[in-house]
Amino acid sequence: AQSVTQLDSQVPVFEEAPVELRCNYSSSVSVYLFWYVQYPNQGLQLLLKYLSGSTLVKGINGFEAEFNKSQTSFHLRKPSVHISDTAEYFCAVSAYSSASKIIFGSGTRLSIRP
Amino acid sequence: SAVISQKPSRDICQRGTSLTIQCQVDSQVTMMFWYRQQPGQSLTLIATANQGSEATYESGFVIDKFPISRPNLTFSTLTVSNMSPEDSSIYLCSVQRGLSNTEAFFGQGTRLTVV
């Protein structure tokens, strides 16, 4: 079985500052990794995903994440945040097979201060 | 991508009653997934619905409480039965597409309040 841990429930940062949202996973098999974003009162949207290949993955809205197999991590980063990045961010994992169910972390609430 | 429509978008229900949530996808998919998102919490998978067979439920969820129908490849329903205030949540329908069906798409959800 797979599991994912998001180490920070809330992350407050100032506008234009860099941010890192941490995610660690556990699995006995190879996995796919995802970050989803949920803006206030909206559904979930895929931010980026790691399937294979380059460990540095770039997503929408200037976000990127790095897959680190030895540390079983998939931290999300952005060099300069904006007010519009205020949202809940979910790290997720699924086993390396077709249409495997996706397991979500507990979420990190990113709040941007002007 | 995928366009997923859920009905109703929200409802307020009396305890002891049941609510059926509908999920319509814009094209055929093999599996559909139902999640629950309790207030301030993450998403928890309730069950996976395959067309032509019984749904597969996750630990802690049972068919008597959350019966699911999957009559065809574009439609599914989730019923929340004999509701209590603890069932107040957002219920989300999801499908997976893309390479190896890895990318999940979600409906806007059904916000359920049980009073």
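Only a predicted model underlies this, so the values are computations on that prediction, with no experimental measurement involved.
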Cluster link A/Val57 to A/Phe34, ILVMFWY, side chain under 4.5 Å: no
So which part of A/Gln38 gets closer than 4.5 Å to some heavy atom of chain B, the side chain, the backbone, both or neither? side chain
Would you say the side chain of A/Lys101 lies within less than 4.5 Å of the side chain of B/Glu58, judging by non-hydrogen atoms? yes
How about CD on A/Gln42, more than 12 heavy atoms from neighbouring residues, nucleotides or ligands closer than 6.0 Å, or not? yes
Nearest 0.5 Å please: distance from the CD atom of B/Gln37 over to the CD atom of A/Glu88. 7.5 Å
Rounding to 0.5 Å, atoms CZ (A/Phe104) and OH (B/Tyr35) come to a distance of 5.0 Å
Listed by chain and number, what are the side-chain hydrogen bond (donor to acceptor under 3.5 Å, both in side chains) partners of B/Glu86, not counting sequence neighbours? B/Ser84
Should we say atom CZ of A/Arg77 is surrounded by more than 12 heavy atoms from elsewhere, each under 6.0 Å from it? yes
Just wondering, more than 12 heavy atoms not from B/Ile12 lying within 6.0 Å of its CD1? no
Look only at the side chain of A/Tyr36 and the backbone of B/Ala104, and say whether a donor-acceptor pair between them is shorter than 3.5 Å. yes
Under 3.5 Å donor-acceptor pairs involving side-chain atoms of residues 108-115 of chain B, not counting sequence neighbours:
| residue | atom | partner | partner atom | Å |
| --- | --- | --- | --- | --- |
| B/Thr110 | OG1 | B/Gln6 | NE2 | 3.1 |
| B/Thr110 | OG1 | B/Pro8 | O | 2.6 |

State whether the side chain of B/Ser42 and the backbone N or O of A/Gly105 hold a donor-acceptor pair below 3.5 Å, judged by distance alone. yes
Using non-hydrogen atoms and a 4.5 Å limit, figure out which bit of A/Leu44 sits close to chain B: side chain, backbone, both or neither. both
Residue B/Leu43 versus chain A: region with a heavy atom under 4.5 Å: both
